[in-house]
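As structure tokens, the structure follows; a few thoughts come after it.
What you are looking at is a predicted structure, and each value in this text was computed from that prediction instead of being measured. One-based numbering, in listed order, for ligands and for the atoms of each.
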Amino acid sequence: MIGIFDSGVGGLSLLNAVQRVYPFEDCIYISDNKYAPFGEKEINFILERCRKHVDFLIEQGASIIIIACNTATTIAINSLRKEFDLPFIGIEPAIKPAITISTSSKIGVIATRATLSSSFYNTTKCKYANNDSVVEIIGEGFVEAVESGIIHSKSFQEHLRKTILFFKRHEVRFVVLGCTHYFFLKDEFERIAGGDMIFIEPTEAIIKRLKAIYGENHISTSKQSKTSIYCSGAGDAVLRILKGQKFRLLQLDY
Ligand code: DGL
């Protein structure tokens, strides 16, 4: 069983990608939406929530865990790997691929406050880039907008336009989407940028890594695979995003 968690619906696109590769594998997904956004919380709070999620996923039978959240990965993955004896796959802003393919002198990164100030992220940044070549911006209110489904509202569209303008002013062409919630904004970003920018997210890399670690051994041939989604808050956002898909929606009680 594959366990996945995020602060909300951000990781659902990753869940879908996992299910395309492992259609007969049981998946369990946690949307910790009662406590979203993680990116504005204290480090210790995020760490504690992550520990609880890992305990819960193991209890449910997960043998591998995907942390479908840049914020949780950059804050907690090193500790979780020390504390728990199962493989973790994390997701972090794709600085290295962006620098590799970038044709301009600067790349852009949009992520949460917690991710951008984490030592994990800053260590990676220093390894592959220098301070002048990375232009960063916090996606203020972006997680909340994706959770509540207001991304087409006039005021939020204006907010997106200002973000694109910010990158344009810095002559950025490649922008790293450093938060899984922002994957749901990719089409909007592309439309507003009008072909001038490329938005990078690492779903493909994560799936490649999952295949390498998890392999084919766990694939059951039964067609009875189950997808269970646990929410710590209301389930509306999950129901909206996974409309038409088959899954069990359950309440997380911690
Ligand atoms: N999807 C999470 C991430 O990738 C959102 C973090 C948050 O809740 O602030 O960072």
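Ion pairing between Arg51 and Glu83 holds under the 4.0 Å rule for side-chain N and carboxylate O. Of the charged side-chain nitrogens involved, none lies within less than 4.0 Å of a carboxylate oxygen, so that Arg173 and Asp196 do not count as a salt-bridged pair.
Nearest protein neighbour of atom 9 (O) of ligand 1, counting heavy atoms only, is Gly39 N, 2.7 Å. Taking atom 6 (C) of ligand 1 as the reference point, the nearest protein heavy-atom neighbour is Thr71 OG1, 3.2 Å. Among all protein heavy atoms, the one lying closest to atom 7 (C) of ligand 1 is Phe38 N, 3.1 Å.
Ring centroid separation for the pair Tyr254 and His53 comes in under the 6.0 Å cut-off. For Phe45 and Tyr35, the distance between ring centers is under 6.0 angstrom. Within the 6.0 Å centre-distance limit, the rings of Phe56 and Tyr230 are counted as a close aromatic pair.
Counting heavy atoms closer than 4.0 Å to ligand 1, residue Asn70 contributes atoms from both its backbone and its side chain. Contacts of Cys179 with ligand 1, taken as heavy-atom pairs under 4.0 Å, involve both backbone and side chain.
Counting the atoms of ligand 1 from 1 in the order shown, those under 4.0 Å from a heavy atom of Pro37 are 7 (C), 8 (O), 9 (O). In the vicinity of Asp6, heavy-atom distances shorter than 4.0 Å reach the ligand 1 atoms 1 (N), 2 (C). Near Thr180, meaning under 4.0 Å from one of its heavy atoms, ligand 1 places the atoms 1 (N), 2 (C), 3 (C), 4 (O).
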Item to check | Residue pair Ile30, Asp6: steps toward the side chain to side chain contact (heavy atoms under 4.5 Å, CB included) verdict | outcome: CA-CA 6 Å; Ile30 296 175; Asp6 180 32; over 6 Å; no
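Distances between N or O atoms of Thr115 and those of ligand 1 include no value under 3.5 Å.
Ring pair His159/Phe156 is perpendicular by interplanar angle, where above 60° counts as perpendicular and below 30° as parallel.
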